[in-house]
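Only a predicted model underlies this, so the values are computations on that prediction, with no experimental measurement involved. In what follows, chains are A, B, ... by sequence order, proteins preceding strands, each numbered from 1.
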Amino acid sequence: MTAPATNYVPPRPLSAQRMIDALRRAAVSHVVVVPDTVQKSFLSAVGIAPDLTMVDACTEDEAVGINAGLYVAGHRPILSIQNNGVFACLNTLRGIALDGAVPTVMLVGLYGHKPTQPPEESALRMVRMLEPTLATWGIPARRLYGDEDLAGLPAVYDEALNRRGPSALVIPIPTVP
Amino acid sequence: MRKRDAIDILGGACRRAGALSVATMQAVPVWHERAGDVPLHMDMLGCMGSASSLGLGLALGQPRKPVVVVDGDGSLMMQLASLVTIGHARARNLVLAVMCNSTYETSGNQAVPGGETADLVALARAAGFPVARRIGETAMLRRDIDGLIASTGPILLAIDIDREEPATAWPQLSMKQQFQDVRAALMAKPG
């Protein structure tokens with residue numbers, strides 16, 4: 001068993017409005033969504049943001065394909081999905097985002113995470129295995145543990161754009177209005 | 001009808017309409033043989049089922065350009081819910097042309113589940129496509145295709161094609177390069 005991390009700093013909830021502001025700084029045009037409980041407040045804010053177009057998809061596979069089409073069409077989309085959704089669409093991430101070299105930036109809610117415990121120590125595979133799964137495929141992941149981490153979102157977006165590949169921003173606990 | 005006849009007609013219509021096009025799986029080699037000069041074309045390979053979603057993103061991102069996706073019945077079945085997503089998005093400029101022969105040609109013509117029982121036209125209508133039609137004759141496709149592409153979509157065409165042996169010769173393609181080339185062309189001339 002892994003010893004508990006002693007220097008672990010629990011996450012603080014992200015403000016939905018600060019997230020929207022960060023998307024604006026990154027010049028994001030569309031948010032392609034498969035609903036995620038962790039991002040509930042954020043999704044409500046996207047729905048009323050006049051300068052962001054929300055695109056609903058039934059599955060994460062579709063979301064990755066729609067993102068690619070919007071990118072080829074000249075836009076700057078981002079995905080909002082859940083950890084379980086990443087697991088569900090791995091082949092499409094491999095086929096389109098990695099092999100097709102399509103910038104695919106994903107806001108990923110860490111459904112099931114207990115904030116008092118580092119994700120790598122979670123008893124739940126859906127929590128514990130997200131970052132190792134992404135790492136196996138060479139997909140960079142960054143944790144958003146507080147509003148101050150949102151300052152890095154535009155740089156993450158531009159890095160994915162320049163590298164032409166996928167990137168994940170992990171949201172560990174529910175966002176707040 | 002033969003697949004190559006259907007693709008001759010679809011390729012010609014894309015040229016006339018200045019459409020964006022996407023082909024997948026066994027339509028790919030035939031498209032490149034018969035319609036390879038159509039600009040603004042992309043293939044979707046190694047990711048069965050994703051052509052319709054790629055097409056939806058293109059259609060939403062370039063609403064003034066028609067987008068024609070040449071899909072297969074087996075491929076569409078792998079992401080069948082994309083019909084619902086497309087219907088919900090009301091992508092007016094999207095035409096989903098599904099080559100229907102009830103088999104997975106690539107892997108040796110095994111039967112597609114529902115190939116004899118599922119009704120793609122009814123499914124598309126139920127998903128919110130204002131136009132969904134089965135087309136069994138070459139002459140009908142040739143006669144109607146320009147009008148269909150100009151109509152308000154999303155549109156699903158279930159095109160009955162013959163069962164054929166899978167292609168053995170494939171063009172040398174790079175999806176990665178196609179994506180970048182089409183993006184560069186679209187950004188140079190915003191729609």
**OP:** Considering non-hydrogen atoms only, spot the tightest contact between A:V102 and B:F179 and give its length.
**Re:**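 A:V102 and B:F179 have their closest heavy atoms at CG2-CD1, 3.4 Å.
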
Subject >> Heavy-atom closest pair, residues A:T59 and B:A81 >> reply: CG2-CB, 4.4 Å

Does [X] [atom1] have over 12 foreign heavy atoms under 6.0 Å away?
X      : atom1 : value
A:R18  : CZ    : no
A:R125 : CZ    : no
A:Y111 : OH    : no
B:E137 : CD    : no
B:E165 : CD    : no
B:R134 : CZ    : yes

Between [atom1] of [X] and [atom2] of [Y], what distance do you get to the nearest 0.5 Å?
X      : Y     : atom1 : atom2 : result
B:Q79  : A:T92 : CD    : OG1   : 5.0 Å
B:R183 : A:L70 : CZ    : CG    : 11.0 Å
B:K176 : A:I96 : NZ    : CD1   : 14.5 Å
A:H30  : B:L60 : NE2   : CG    : 6.5 Å

Please check if [X] and [Y] belong to a single hydrophobic cluster, counting links between Ile, Leu, Val, Met, Phe, Trp and Tyr side chain heavy atoms closer than 4.5 Å.
X      : Y      : value
B:M99  : B:L94  : no
A:L110 : A:I81  : yes
B:V67  : B:L141 : no
A:F42  : A:I171 : yes
B:L40  : B:I149 : no

Original post:
Counting heavy-atom pairs under 4.5 Å to chain B, which of A:G95, A:G74, A:G100 comes out on top?
Top reply: A:G100

**OP:** Could you tell me which portion of A:N67 (side chain, backbone, both or neither) has an atom closer than 4.5 angstrom to a non-hydrogen atom of chain B?
**Re:** neither

Subject >> Part of A:V32 lying under 4.5 Å from any heavy atom of chain B >> reply: neither

Answer with side chain, backbone, both or neither: which region of [X] has an atom nearer than 4.5 Å to a non-hydrogen atom of chain A?
X     : result
B:M48 : neither
B:M44 : side chain
B:A89 : neither

Original post:
Does the side chain of A:E62 pick up a donor-acceptor pair with the side chain of B:S82 at under 3.5 Å?
Top reply: no

Heavy-atom distance under 4.5 Å between the side chains of [X] and [Y], does that happen here?
X      : Y      : value
A:D56  : B:T85  : no
B:Q180 : A:R164 : yes
B:M175 : A:D99  : no

Original post:
So, B:S53 side chain and A:I66 main chain: donor-acceptor pair closer than 3.5 Å or not?
Top reply: no

Subject >> Donor-acceptor under 3.5 Å (A:R94 side chain, B:C47 main chain) >> reply: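 Absent.
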
Original post:
Which of these passes side-chain contact (heavy atoms from CB on, under 4.5 Å) with A:C58: B:L80, B:L83, B:V84?
Top reply: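 Going through B:L80, B:L83, B:V84 one by one, the side-chain contact (heavy atoms from CB on, under 4.5 Å) with A:C58 is satisfied by B:V84 alone.
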
